[in-house]
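Comments concern the structure below.
Any value given below was found using the heavy atoms of this structure, including those in side chains, with hydrogens, waters and symmetry copies removed.
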There are 2 protein chains.
Amino acid sequence: MRTTKQKQAIETVFLNSDRPLSVEEVTERARETAPSINTATVYRNLKTLVDSGILTKICSGQAGTLYEPNHSGHHHHFHCRTCGKTFDLPGCPLSVQPKLPEGFTADSHELFYYGICAECARVGVDQRVYPE
Amino acid sequence: MRTTKQKQAIETVFLNSDRPLSVEEVTERARETAPSINTATVYRNLKTLVDSGILTKICSGQAGTLYEPNHSGHHHHFHCRTCGKTFDLPGCPLSVQPKLPEGFTADSHELFYYGICAECARVGVDQRVYPE
DNA sequence: GTGTATGCAAAGCTTTTGCATAGGT
DNA sequence: ACCTATGCAAAAGCTTTGCATACAC
């Protein structure tokens, strides 16, 4: 595995982010360091990083597909309907062994909250739907 | 809004299903009644039914995009990694007011469990990944 | 007869893949 | 010098849209 400017740019993007990012966000931010970086390269690197356990891919109906570092432990997410950003929530409100129908066994779960984040509530731009 | 064979076929599909269905499943089953039905028609009708509150669209990273009748009340879903089917789970293990960071307000949430369903556990086809 | 819903085909998006080559080792 | 990772372009899903026409009313 070779050290390229593109690969380093992508890793830096995640080091400098405190929330999960979309492919588009990753590409935009990576271009600040590696201006020529191509979408295909971003996808290829994200896939490699997920396969090697460095990143995790998360997905919800409203938040879409996002990537985040895998080191943060078990936690869940909050998607703001106003600014469209997704945030990490510390901890997990669920018991390890949920009540499931007879014979069903769960080994993992994914939980998304939807609502308004602190920043959007403060600014009061209720009418705004998604960034800028 | 006109009553067409295609529209009725789609509604019947959901009346006869006990679990959320993918667009592909809806199309296949609707063709049993309306053989000529087209994918575009399926999408258009699903959109209309969702907009009018009859269906709900759900989505997760592993289960993909699914539709189900909206009358079932608040509940969550279980996705079987072996057969690929998604099932309804009765009830909700979460409190209405979760602990969120200062200033955040949630109005809804979405929860997916992942694991093995009763049927797949019984049959023991652990190696199988997705139907048939 | 009028006008909406459908089928078909084309086009949008997002993501993946083939291939030549730039660049890391 | 070798060979991997990149850029570009094409292609492969999935979903939406334009347009002529079938068909519900």
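- Rounded to whole Å, the distance from CD on B/Gln6 to C1' on D/dC23 is 10 Å.
- For B/Ala40, whose side chain is taken as the heavy atoms from C-beta onward, the closest listed nucleotide among C/dT15, D/dC8, C/dA9 is C/dA9.
- Of the candidates D/dT6, C/dA9, C/dT15, the closest approach to any side-chain atom of A/Thr65 belongs to C/dT15.
- Considering only the side chain of A/Met1, D/dA5 comes nearest among D/dA5, C/dT6, D/dT15.
- Straight-line distance from the CG atom of A/Asn45 to the C1' atom of C/dT15: 15 Å, rounded to whole Å.
- Ranking D/dA24, C/dG7, D/dA5 by closeness to the A/Thr4 side chain, first place goes to D/dA5.
- A donor atom on one side chain and an acceptor atom on the other are not found under 3.5 Å apart for A/Tyr114 and A/Gln62.
- Regarding A/Leu46, its CG atom lies at a distance of 11 Å from the P atom of D/dT6, rounded to whole Å.
- For the salt bridge (Lys or Arg N to Asp or Glu O under 4.0 Å) criterion with B/Arg19, the lone passing option out of B/Glu119, B/Glu25, B/Glu68 is B/Glu25.
- Across all strands shown, A/Lys47 has no heavy atoms under 4.0 Å from either base or sugar-phosphate atoms.
- If you check C/dT6, C/dT25, D/dG7 against the side chain of A/Ser36, the one that comes closest is D/dG7.
- Ring centroid separation for the pair A/Phe112 and A/His77 comes in under the 6.0 Å cut-off.
- Side-chain polar atoms of A/His109 and A/His76 form a donor-acceptor pair below 3.5 angstrom.
- In this structure, B/Lys7 places its NZ atom 5 Å from P of C/dA5, rounding to the nearest Å.
- Residue A/Ile37 contributes atom CD1, which lies 7 Å from atom P of D/dT6 at whole-angstrom precision.
- Here C/dT6 presents its C1' atom at 11 Å from NZ of B/Lys5, a figure rounded to the nearest Å.
- Place B/Arg2 and A/Asn38 on DNA chain D by their nearest nucleotides, and A/Asn38 ends up nearer the 5' end.
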